Amino acid sequence: MKKYLVFLFVLSLASCNEQAPQSKADKIIAKAVENAGGEKYEKANIEFRFRKNIYTSTRNNGKFELTRRITDSTNTTYNDILNNQGFRRFQGEEQLSLSDSLSEAYAESVNAVHYFVQLPFRLNDDAVIKELVGQDTINGKVYHEIKVTFEQQGGGVDHEDIYMYWIEKDDFTIDYLAYRFFVNDGGIRFRKAVNPRMVNGIRFVDYENYKTDKLSTPLEELDDMFEKGELIRVSKIENEILKVEIQD
């Protein structure tokens, strides 16, 4: 899972410059965020389970804290915390000393899971560059195709990754997404959102996860390949939402 890591200890949760005119892509993303939870994200406490690990996120007017509690094969439990000040890992009450590279890798992993669970909220981060590619039809529904790239400054270690989001024309829901990543020899993934549900005013989905080994494939062609059955299903990504509280 390669995502837009804005951790770098100065994560900005502000929206794009309000004084700049909004592009069509900006307006579509803004509508998708509004319909999925909007301002509720900004003051939400969320707890969920993903692959047997427990994650929590807390936000309040720009301050944030993302956590992960994991238990390894030796039955040792670690608590990871990523917030405005940076990343820390604890074993019990003891904070562990980590190399910069290991700290960055753990922080990226924590951020990535929270990022996908709370899409489309973070698509308004300052480092996100949005482009309306056009429209296409998937299973009889019309979708806006939004390409997303990232500024190097604030875009994180994976700022070269490229994403495509298919946003339903009338409901403004993200029903499909794809991304091209470059680490570990690179790859392409295509995801179909399944099991959409609203929990205390915020929309969550699970995903069917697909790939193609044809790495030269343009992302905008993946929806056609999906409809033709030309993609390879590799996994199902399920998130058990345990709690959503909206602060007053």
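No experiment lies behind these values; they were computed from the predicted model shown.
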In terms of hydrophobic clustering (I, L, V, M, F, W, Y; side-chain heavy atoms under 4.5 Å; direct or indirect links), are [X] and [Y] co-clustered?
| X | Y | answer |
| --- | --- | --- |
| L242 | I202 | no |
| F181 | V234 | no |
| F64 | I81 | no |
| F90 | F87 | no |
| F204 | I54 | no |

Out of curiosity, [X] [atom1] to [Y] [atom2], how far, rounded to the nearest 0.5 Å?
| X | Y | atom1 | atom2 | answer |
| --- | --- | --- | --- | --- |
| N239 | Y55 | CG | OH | 9.5 Å |
| L177 | W166 | CG | CH2 | 8.0 Å |
| I167 | I28 | CD1 | CD1 | 6.5 Å |
| N35 | T173 | CG | OG1 | 8.5 Å |
| I241 | N200 | CD1 | CG | 12.0 Å |
| S109 | I70 | OG | CD1 | 8.0 Å |

Worksheet item: Checking side chain to side chain contact (heavy atoms under 4.5 Å, CB included) against M164, which of D223, V148, V133 comes through?
Response: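 When side chain to side chain contact (heavy atoms under 4.5 Å, CB included) is applied between M164 and each of D223, V148, V133, only V133 qualifies.
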Does atom [atom1] of [X] have more than 12 heavy-atom neighbours from other groups under 6.0 Å away?
| X | atom1 | result |
| --- | --- | --- |
| D100 | CG | no |
| R233 | CZ | yes |
| E39 | CD | no |

Does [Y] offer a backbone N or O that forms a donor-acceptor pair with the side chain of [X] under 3.5 Å?
| X | Y | answer |
| --- | --- | --- |
| N111 | E108 | no |
| R191 | Y179 | no |
| N83 | T58 | no |

Does any part of the side chain of [Y], heavy atoms only, come nearer than 4.5 Å to the side chain of [X], both counted from C-beta?
| X | Y | answer |
| --- | --- | --- |
| T56 | N45 | no |
| N209 | R189 | yes |
| T212 | E230 | no |
| Y78 | R68 | no |

Discussion item. Less than 6.0 angstrom from the centroid, inside 45 degrees of the normal: does R59 satisfy that with respect to the ring of F121?
Written reply: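 The answer is no; the distance or angle limit is not met.
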Discussion item. Would you say the rings of H114 and F48 are close, in the sense that their centroids are separated by under 6.0 Å?
Written reply: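 Between H114 and F48, which both carry aromatic rings, the centre distance is below 6.0 Å.
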Practice prompt. With sequence neighbours excluded, tell me which residues meet side-chain hydrogen bond (donor to acceptor under 3.5 Å, both in side chains) with S216.
Written response: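 Per chain and number, S216 pairs via side-chain hydrogen bond (donor to acceptor under 3.5 Å, both in side chains) with no residue.
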Nearest heavy atoms of [X] and [Y], plus distance in Å:
| X | Y | value |
| --- | --- | --- |
| T77 | T71 | OG1-OG1, 3.0 Å |
| L132 | A25 | N-CB, 3.6 Å |
| D248 | K43 | O-NZ, 4.0 Å |
| S57 | L66 | CB-CD2, 3.6 Å |
| I237 | F50 | CG2-CE1, 3.5 Å |
| D125 | R122 | OD2-NE, 2.9 Å |

Set of residues satisfying salt bridge (charged side-chain N to carboxylate O under 4.0 Å, His left out) with respect to [X], sequence neighbours excluded:
| X | answer |
| --- | --- |
| K243 | E47 |
| R203 | D175 |
| K236 | E238 |
| R49 | E240 |

Fill in: For F226, ring-ring contact (aromatic ring centres under 6.0 Å, His included) partners two or more places apart
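Only Y176, F190, Y210 meet the ring-ring contact (aromatic ring centres under 6.0 Å, His included) criterion with F226.
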Worksheet entry | Step-by-step side chain to side chain contact (heavy atoms under 4.5 Å, CB included) determination, R197 to V199 | CA-CA 6 Å; R197 65 270 195 202; V199 182; 4.2 Å; yes
Practice prompt. Carefully, step by step, assess V205 and I174 under the rule side chain to side chain contact (heavy atoms under 4.5 Å, CB included).
Written response: CA-CA 10 Å; V205 300; I174 296 179; over 6 Å; no
Item to complete: Take V142 and T137 through the side chain to side chain contact (heavy atoms under 4.5 Å, CB included) test and state the conclusion after the steps.
Response: CA-CA 4 Å; V142 179; T137 301; 4.1 Å; yes
Fill in: Derivation and outcome, side chain to side chain contact (heavy atoms under 4.5 Å, CB included), residues I188 and L219
CA-CA 8 Å; I188 290 176; L219 294 183; 4.1 Å; yes
